[in-house]
2 protein chains.
Amino acid sequence: MTDGSKSNKVNMKTLAKVLNVSIATISKALRDSHDIGDDTKQRVIETARLLHYVPNPYASSLRKRSSNTIAIVIPEIADSFFSQAINGIETIVDLEKYHALIYLTHDSYEREKQMFNDLTSGRVDGILMSVASNTEDISHIQDLQQAGVPIVFFDRVCEDIPTAKIKTDDFNSAYMATSHLLDQGCKNISLVTIEGYPSILQAREEGYKKALAERDIEANDANSISCSNKYTNENIEVLKEHIQKVKPDGIIATVEHLATTTYLACEELKLNIPNDIKVVCFTNQITASILNPSLTTILQPAYEMGRKAAELLFGHLTGKPIQLEKENIILPSKLIVRNSTRIPD
Amino acid sequence: MTDGSKSNKVNMKTLAKVLNVSIATISKALRDSHDIGDDTKQRVIETARLLHYVPNPYASSLRKRSSNTIAIVIPEIADSFFSQAINGIETIVDLEKYHALIYLTHDSYEREKQMFNDLTSGRVDGILMSVASNTEDISHIQDLQQAGVPIVFFDRVCEDIPTAKIKTDDFNSAYMATSHLLDQGCKNISLVTIEGYPSILQAREEGYKKALAERDIEANDANSISCSNKYTNENIEVLKEHIQKVKPDGIIATVEHLATTTYLACEELKLNIPNDIKVVCFTNQITASILNPSLTTILQPAYEMGRKAAELLFGHLTGKPIQLEKENIILPSKLIVRNSTRIPD
DNA sequence: TTTATTTGCTTAAACGTTTACCTAAATTCG
DNA sequence: CGAATTTAGGTAAACGTTTAAGCAAATAAA
């Protein structure tokens with residue numbers, strides 16, 4: 001509503017008029033078609049530059065039936081894993097001169113479904129996604145695939161959809177984390193998860209159980225505690241109650257924000273980490289090393305996962321002989337040992 | 001899947017044929033035009049639902065010359081401020097049934113310029129942005145505005161562009177942070193900034209200087225130290241060198257990732273926080289409270305800033321009587337005092 | 001009753017590209 | 001030298017919507 005700006009739109013018609021050629025010539029010249037002579041091409045390109053011609057993406061998308069756009073569908077963004085993954089994705093999107101729409105499901109199946117319905121419109125050429133933790137019915141994903149939109153999953157994958165999946169070794173890293181705690185002398189390790197329970201958490205739980213089983217420790221249901229996936233003070237209470245009841249000497253926090261929750265709960269209970277209780281968390285936060293005490297973490301290759309997912313999708317989109325349904329890539333996470341699991345002197 | 005359909009694109013033409021009416025009738029019925037009778041409308045809507053009709057956004061955008069899409073242009077995403085701001089933005093984008101393209105400048109003027117050039121194409125109806133720290137020439141932004149694309153700045157604003165700006169009180173919060181350090185007994189406070197120096201850091205420096213001046217302390221150039229804006233180990237060395245040379249007893253870290261850098265530098269120098277040196281950082285990281293020691297922070301209202309920026313943009317887009325150039329909103333940051341600035345017993 | 005208005009729908013022209021199909025001149029080839 | 005081919009473009013029909021303009025029938029006004 002600002003001004004009466006002229007908004008002198010220059011389009012192919014303008015260029016055609018100026019150069020006294022047909023619109024087709026303009027289009028072909030700009031796309032470097034063999035149909036057009038070199039000198040004409042040069043004149044077209046030069047004039048386009050001079051008049052600041054920028055092609056209309058919507059006209060182009062409509063006609064070509066492809067959008068040069070992908071969707072990134074993730075549960076949340078205020079999370080170091082996802083924001084680092086987006087960084088990796090963006091590297092490739094930028095390289096391929098594509099555009100990325102971002103959608104947050106807030107871990108809600110309903111929202112995810114609604115978004116997917118919209119995406120059947122041809123708005124995007126492909127999708128990179130981490131599924132919502134409470135998604136059970138996957139027909140919306142199947143429908144989209146049927147509609148011909150390629151999907152690549154990363155981190156929170158949907159096993160039942162035949163397409164590329166980029167995961168980290170959740171089972172193994174939880175196994176490593178648990179074994180590490182056992183090595184450090186823990187006898188009673190609790191696993192803190194979140195409600196909704198995405199499949200990756202299931203893998204983490206299994207890794208945890210395997211490590212216990214290996215040392216002939218029976219996994220006790222009471223040792224599994226589930227918090228809200230919102231970062232909230234209520235979780236502190238839930239966790240405190242759990243700790244008081246079960247009295248664990250080790251805790252594995254399976255999602256990022258539970259690190260803060262765990263530390264604060266221990267502080268309020270006057271439990272010393274690592275003397276009274278040892279803690280490992282799945283998190284990519286750079287502050288892990290300067291926490292009080294520094295936090296032993298499972299560091300996920302977030303950037304690389306995002307990047308790899310994007311590479312696969314674009315490989316497929318640009319017609320490289322990539323069979324998405326054959327790709328199932330597992331990038332390793334690392335256990336970074338710090339003071340929160342140290343054995344007291 | 002559900003209705004055994006192949007990827008049979010159903011468009012208005014399909015619906016028109018099925019219902020034996022014209023395409024115009026379909027279009028108008030779906031947009032609830034007064035031209036169409038109620039029973040016809042019902043039949044159209046019902047059939048559209050049955051056949052899973054989803055409108056083609058590109059055809060619609062082309063014809064309407066508007067895209068229902070905005071761009072979010074930010075320097076980086078692996079930063080709690082920006083990811084929380086996106087959360088706020090997304091709330092409104094979702095509410096308005098819009099779509100959001102995300103672009104990362106990586107704090108590079110060149111990239112920013114290139115992105116803006118593309119955005120003159122009509123790809124988006126508006127832009128929410130935080131400018132790159134090394135952007136000096138603003139002609140790309142002016143050009144876009146001339147082209148009629150509304151822009152709303154948040155956090156890293158561009159003062160010379162007449163449009164809405166959502167800021168936090170950088171001057172005042174740096175003043176508060178500095179005064180707090182002085183109150184806690186600091187005599188020699190260093191300000192850690194980053195190269196490129198966006199205008200908000202300038203405001204922070206001025207707030208810092210004012211607090212010093214108020215107590216008759218002369219701001220010494222040697223107390224300003226500039227790091228790379230990448231989170232890198234080199235910064236630790238730069239900072240260590242600075243600390244050894246200037247021997248500050250207080251540090252204000254003006255961007256998020258410098259908190260970790262500062263803590264690690266102090267640790268390597270065997271300096272105790274807060275006994276030997278006190279630290280305040282501008283950061284929204286939720287781990288601040290569990291750092292070693294817990295970190296006194298300036299907490300910015302990131303979510304609210306993103307949300308407010310989006311509200312203003314959409315207010316303008318939906319024709320509400322909002323004059324963007326008149327909006328200059330300042331949301332307050334909070335000083336959260338923790339142990340990193342505690343006076344030793 | 002005639003005339004004006006409203007209702008409900010159709011026709012067709014945009015929006016800006018891309019591309020299959022022509023065409024006329026220039027070049028190559030046998 | 002005539003025929004075939006290549007070169008360098010032009011024509012026009014898409015792509016799927018939206019919307020101005022039109023139009024017949026029904027309704028209201030006079």
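Letters A, B, ... mirror the listed sequences (proteins, then strands); counts begin at 1.
- You'll find that the side chain of A:Met12 is closest to C:dT18, out of C:dT10, C:dC21, C:dT18.
- A salt bridge links B:Lys167 to B:Glu159: at least one charged side-chain nitrogen sits closer than 4.0 Å to a carboxylate oxygen.
- Taking 4.0 angstrom as the limit, B:Arg65 places none of its side-chain polar atoms (N or O) nearer than this to OP1 or OP2 of D:dT17.
- When each of B:Ala59 and A:Ile36 is assigned the nucleotide of DNA chain D with its nearest heavy atom, A:Ile36 is the one assigned upstream, toward the 5' end.
- For D:dT17, one of the phosphate oxygens OP1 or OP2 lies less than 4.0 angstrom from a side-chain nitrogen or oxygen of B:Tyr53.
- Using a 4.0 Å heavy-atom criterion, one finds that A:Ser27 contacts the bases of the nucleic acid, with or without backbone contacts as well.
- Side-chain nitrogen and oxygen atoms of A:Arg31 include at least one within less than 4.0 Å of the OP1 or OP2 phosphate oxygen of C:dT19.
- Between the CG atom of B:Asn68 and the P atom of D:dT18 there is a distance of 11 Å, given to the nearest Å.
- At D:dG9, one or more side-chain N or O atoms of A:Thr40 fall inside 4.0 Å of OP1 or OP2 (strictly under the cut-off).
- Distances shown here put a side-chain N or O of B:Ser22 below 4.0 Å from the OP1 or OP2 atom of C:dT10.
- The base of C:dT10 sits with one of its N or O atoms less than 3.5 Å from a complementary donor or acceptor on the side chain of B:Lys28.
- Contact annotation for B:Lys13: no contact, since no heavy-atom pair falls under 4.0 Å across all strands.
- When heavy atoms are screened at a 4.0 angstrom cut-off, B:Asn56 is found touching the sugar-phosphate backbone but no base atom.
- Side-chain contact between A:Phe116 and A:Asp143 is absent, with no heavy atoms from C-beta onward closer than 4.5 Å.
- With C:dT18, D:dG9, C:dC9 as the choices, the nucleotide that has an atom nearest any side-chain atom of B:Asp35 turns out to be C:dC9.
- The CD1 atom of A:Ile89 sits 12.0 Å away from atom CD of A:Gln84, with the distance rounded to the nearest 0.5 Å.
- Each of B:Gly37 and A:Tyr58 was assigned the nucleotide of DNA chain C with the nearest heavy atom; the assignment lying further toward the 5' end belongs to B:Gly37.
- Of the charged side-chain nitrogens involved, at least one lies within less than 4.0 Å of a carboxylate oxygen, so that A:Arg111 and B:Asp94 count as a salt-bridged pair.
- Under 4.0 angstrom from either OP1 or OP2 of C:dT19 there lies no side-chain N or O belonging to A:Arg63.
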